[in-house]
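See below for the structure under consideration.
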Amino acid sequence: MNHIAADKSTPAADPGALPKAYEPQAVEEKRYKFWLAQGCFIANPARVNSQRPAYSIVIPPPNVTGVLHMGHVLNNTIQDILARKARMDGKEVLWLPGTDHAGIATQAVVEKTLRKQGVIKHRDDIGRDKFLEHVWAWKEKHGGIIINQLKRLGCSCDWTRERFTMDPAYSRCVQRVFVELYRKGLIYRGRRIVNWDPAARTALSDEEVDMIETKGHLWYLKYPLLDDRGQPKANEYLAVATTRPETMLGDEAVAVNPKDNRYTKLVGRKALLPLQNKPIPIVADDFVDPKFGTGCVKVTPAHDPNDYQMALRHGLPVTVVIGPDGKMTREAGEDFDGLDRMEAREAVVEELTEQGLLLKTDDYIHNLGYSQRSHVPVEPYLSEQWFLKYPSVNQAIACVELGRLADKSVSVVRFTGAELSGTDRAELRESALSLAREQGWIGKSFPNEDTGWQILVRRKSLSHAFNNRNAVVIRAVAALPELIRTAVLWRSEPHQPPHPRFKRVHHFLGALELAEELYCVPIMVKELADGRMLYDYKAIRAAPGGKPLVAHLPKEKLGIQPAPNVAVVNVADLLAGVNFPMTGVICFHPERWAKTYAHWMTNLRDWCISRQLWWGHRIPVWRRKYLKTDLRRSPRLAEAFWPVDRISSLVENAQRPSTASAGEPKLSEKQTPGRPEARYEWHVVAEDSDSIEIEAVTDSDAAAEYLVSQGFTQDPDVLDTWFSSWLWPFATMGWPEKTDTLARFYPTSDLVTGPDILFFWVARMIMAGYEFMGQPPFRNVYFTGIIRDKLGRKMSKSLGNSPDPLELIAKFGADALRFGTMRSAPLGQDVLFDEKDVELGRNFCNKLYNACRFRLMHGKTTAQIANETLSEIQPALLVNDDHWILSRLDQAIREIDAAFAQYRFSEVTSTLYRFFWNEFCDWYVEATKAALYGPDTARKNNTLAVIDSVLSRALRLLHPFLPFVTEELWHGLECNLRFPTDAGRETIMTAPWPKPFSQAEKKRLGLDAAAAQTADAKYELVGKGRNLRREFNIPPSKKLKFALKPAGTPAQSDVEVLRVLLNAESVDVDPGFAPPKGTPMASNSFGELYLPLAGAIDIAAEKARLRKELAKAQAEIARIQSKINQPLFAQKVPPHVLEEHRRRLADWRARETQINNALIGLPG
RNA sequence: GGGCGCAUAGCUCAGUGGGAGAGCACCUGCCUUACAAGCAGGGGGUCGUAGGUUCAAAUCCUACUGCGCCCACCA
């Protein structure tokens, strides 16, 4: 089709010259270049302040050195669909692309390559700077690959704004954020047991560890008991069980449960640690579960997080026996020093066996942590690391909880306000109490429909409400049972502070209309330990902003449905109306991920953010140790740099050495001499009798330089990659400057990502968004499924089941890949990928192409037809086939809009597929051949106008999914010439999204149900007629004459259409047709269609066929009849259902009669 | 141990209270002048099991079975 638009001077060239099949390769490249040249993807700064609504997405940045896989295809196709749809909706769209430096992954790849090339054995061989040069070179070489692949897929990102997480500006954001959180005391350094990856030799966060069920053993070891003189006692020992015998070399105690009678008398005595021959104490600790193993636990403080905690509790020493490389240390004893931990395990077991200290070995299955990156078992490792206490947690929890409610509605409870008497609060209170007493509400439970819970009301519940609250709150008592019944649950949280009686607190939301004013009623319900739900009226409380949450709401703001008795209000509207901080609503799609999110968010542990790597953002902290004698001797040394009073007081008051810990560090701010803008902050992190250690932090390069010049050294560690990724939505838009881009495009509209990085990325972005922007970073999060192969296995390199998307594009075209993927990716489900899907996409593109080719065969389009208003169509000339397709189009647009609103892309594609292929091509286009090959020119032109209208809309509806072929055909059909400048003239990308027909348009075009039904019946009869032909084995080549005995009076066009669709020589209409006996017949509400056969009729066959049909009709009749005959059916069923059943019954009965008549007509 | 999800045609999945659907696969016949990457016709399902609610259940409730995912410090 590229031939069509290639040369504008010869539009609509001879279609016969077009290739018979769509050839995507040339078109895709040409069209992508065209879009780039036109600047179609650019979020135009000139338009930044225009009136268009903004729409924005930030790409989940792929690994800079990665290559495109099917997960990317799914993810980015969805984003592109959203972006293209938003442009067609008239929005100003920013889709911001970029890449991630991906610390561990990239470093590992480069290190491995260098090792392979023989350049190094280990990265230490060339040193940090040299190694980083290699990584940057690698990045320059491979960094563009995935970006180009995204372009091949058709992604409409604003490439002028491409970002990389190690861009200088981005790095400054990371530093600034670090400093800010450090200053707030949220970032701290601590000595802890962390997850250690011995292969990559770095710490990992908890999220980077995969727990994998692993077969292992449980070894039971004998630790001899020592008597009070320190001598081992014969035959007296403690048995301990362990999965990791090699760690026993670092044991410092044996722990038992203090309530375990078997061992209590031993507490305080000592045991002999075998192999090390070291006496270790026996301690009592609640952690020990007496029922597991032997009830005795060996305590290895340096290599187990629980043991470390026990060591802290009991003041035990810490002996490190496994080093950072996963090999045993000198402390492990000379027999084991230098052995790998796994070798050491065998050696220890062997040695213990020899000494008769191994009691037994059981097979044991347990969960073992593996590094997500290097796939080796992680080692709990005691080390000094940086940690972050997550910021803005409560807001981050609340906004998503609210999001869960956004689609929900709550019924409005209506009261007049006259239920209670009284003019002041005291009187109202009395009235409310006596009403409650009279009604017997106190001490009673009421059901809540949203949760099914029974909620208990007590007198105290009520009186809570009466203190310091306004009269509305008291009046609301009159509505109590109704409010409890209708309120919806929106949030649950643990009771604060923890209380043994109360488990959780549940927040409900009700809506109350009182004296014709609408109120939002938050209700708090406490869940007691025994499971009872206690209504606590104190709940009507002030909102977080201090504003009363119960407030008057203007009704017109709210989407209240005009039902006479039960009004329903959308919860999001309700909350918005009371100034609840709803700026923060995030909706998850599918919604259920909100639960997973909430669970994780309420069980947060501090994030280990330091990594012992070289590729990444260096931690902006510098340290230097000062000898106190030096400082005393040379006050100038201190004075030059530190405020003299502060330092001298530190030196004089010999404080106890202290280490930094969580909490506000006492920071002092200082300017760099001569550079007042270059600031740093410092504090004392460690002090002993001889020296103090100073730690300084800054995000200023100048200050950093100065610190180095003063003998400070920078922390060698880098930050976790996700510590830069979590800033992505605003760091890419110019933060911390107040840029136009931020003002216009933050918060972003949609985020599209996989649920596997919900914790890594999404949750952290939400917290960062609140902390640094005061707003969450996006409104909607769409979670894709995981792409699997057609057997349901995850795609992986080792299985070889991961197809190369670029090969698929080369074979089938990018549009085909997009369409096929989207069609098989339902919301919230994993995608079982099959190349067949792409093939289907290719076939669909071809169908689209050929339908347009068919159109062009019938002459070129003219400027006045196919415009947006359908004014080219003359309603008087429309036949019911035209009405039918226009109705189907209208219906399709409505379905597509609804599916888009719910992010159900697979439904959009199946609707498009059904509409275009089954409805438009299979029925309508075939039916138009009657008119197009007919003699009536006016009708022919009108038919072409309908085709053009439908095609121009179908192309636009398809464009988000099939950008290339639709753009090509848009120009090929010259749709562009008929659309205004900047709205479809240059490109389909900016053409307006088709709207369903208005009532006025429908009326003008004569689109009513009757016309469409006539066409439906006609097509159904065609199907039956074709079936007759098959049943009687009449080859399609044989032209047949059908006879039609119509039920009504069909139009001439209907008869022509019947003839064309039946591939008949003629269809003779004869209301009084008397068929020869045994003439095969098919019938429905359109009429009776006869297939008069000239030759011999197989009467037996026709009889059998009719009997089969009759049986079916009778079965249906019996079924409907039995339903209607149910005694209660007519009473209880809604009228329209009853009507429907009666109509169906009548239809089937008519069919029964027709068939019976035909059977009677048969001889024999 | 806790949480979430899934079970409908041979396969992959739509279908949230009222006549069991789509695509692929399969069978039959067609190179009919847009398209064989196509056209036409057809076969195929007691909707995982057992109860319950309802006039009415694939759909709502309960239990069970099987599969999948996530979280969790029992050595």
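Quick note on labels: first sequence line is chain A, next is B, and so on, each numbered from 1.
For Trp917(A), whose side chain is taken as the heavy atoms from C-beta onward, the closest listed nucleotide among G38(B), A22(B), A37(B) is G38(B). Nearest nucleotide to the Tyr364(A) side chain, out of G18(B), G23(B), A75(B): A75(B). When distances run from any side-chain atom of Asn843(A) to the nucleotides A14(B), G38(B), A34(B), the shortest one goes to G38(B). Side chain of Asn846(A), nearest nucleotide from C35(B), A75(B), G18(B): C35(B). Taking every side-chain heavy atom of Glu907(A) into account, A14(B) is the closest of A14(B), A34(B), C74(B). With G23(B), A36(B), G41(B) as the choices, the nucleotide that has an atom nearest any side-chain atom of Lys20(A) turns out to be A36(B). When each of C73(B), C24(B), C35(B) is scored by its nearest atom to the side-chain atoms of Phe287(A), the top-ranked nucleotide is C73(B). Set against G18(B), C35(B), G23(B), the side chain of Glu926(A) has C35(B) as its closest nucleotide.
For an aromatic pair to be called close, the ring centres must be under 6.0 Å apart, and Phe759(A) with Trp600(A) satisfies this.
G38(B) and G43(B) have their P atoms separated by 22 Å, with the value rounded to a whole Å. G52(B) sits 15 Å from U59(B) when the C1' atoms are compared, rounded to a whole Å. Between U54(B) and A14(B), the two P atoms lie 31 Å apart (nearest whole Å). Taking atom P on both nucleotides, G42(B) is separated from U16(B) by 27 Å, rounded to a whole Å. A40(B) and A22(B): their P atoms are spaced 14 Å apart (whole Å).
Between C39(B) and Lys847(A), a contact under 4.0 Å exists linking OP1 or OP2 to a side-chain N or O. The side chain of Arg592(A) places no N or O atom within less than 4.0 Å of a non-bridging phosphate oxygen (OP1 or OP2) of G5(B). OP1 or OP2 of A34(B) sits under 4.0 Å from a side-chain N or O of Lys929(A).
Along RNA chain B, the nucleotide nearest Asp837(A) and the nucleotide nearest Lys1108(A) are compared for position; the residue whose nucleotide lies closer to the 5' end is Asp837(A). Between Arg1030(A) and Tyr913(A), the residue anchored closer to the 5' end of RNA chain B is Tyr913(A), taking for each the nucleotide with the nearest heavy atom.
Geometric assessment of Arg823(A) against the ring of Tyr913(A) yields a positive cation-pi assignment under the 6.0 Å and 45° thresholds.
Asp363(A) and His217(A) form a side-chain donor-acceptor contact under 3.5 Å, judged by distance and modelled atom types alone.
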Begin from the C-alpha positions of Arg1030(A) and Asn1027(A) and carry the test side-chain hydrogen bond (donor to acceptor under 3.5 Å, both in side chains) through to its verdict.
-> CA-CA 5 Å; Arg1030(A) 282 286 303 164; Asn1027(A) 179 260; over 6 Å; no
Full working for salt bridge (Lys or Arg N to Asp or Glu O under 4.0 Å) between Asp260(A) and Arg262(A) = CA-CA 5 Å; Asp260(A) 190 339; Arg262(A) 292 174 295 176; 2.9 Å; yes
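Residue-level contact check: Tyr220(A) touches neither bases nor backbone, having no heavy atom under 4.0 Å from any strand.
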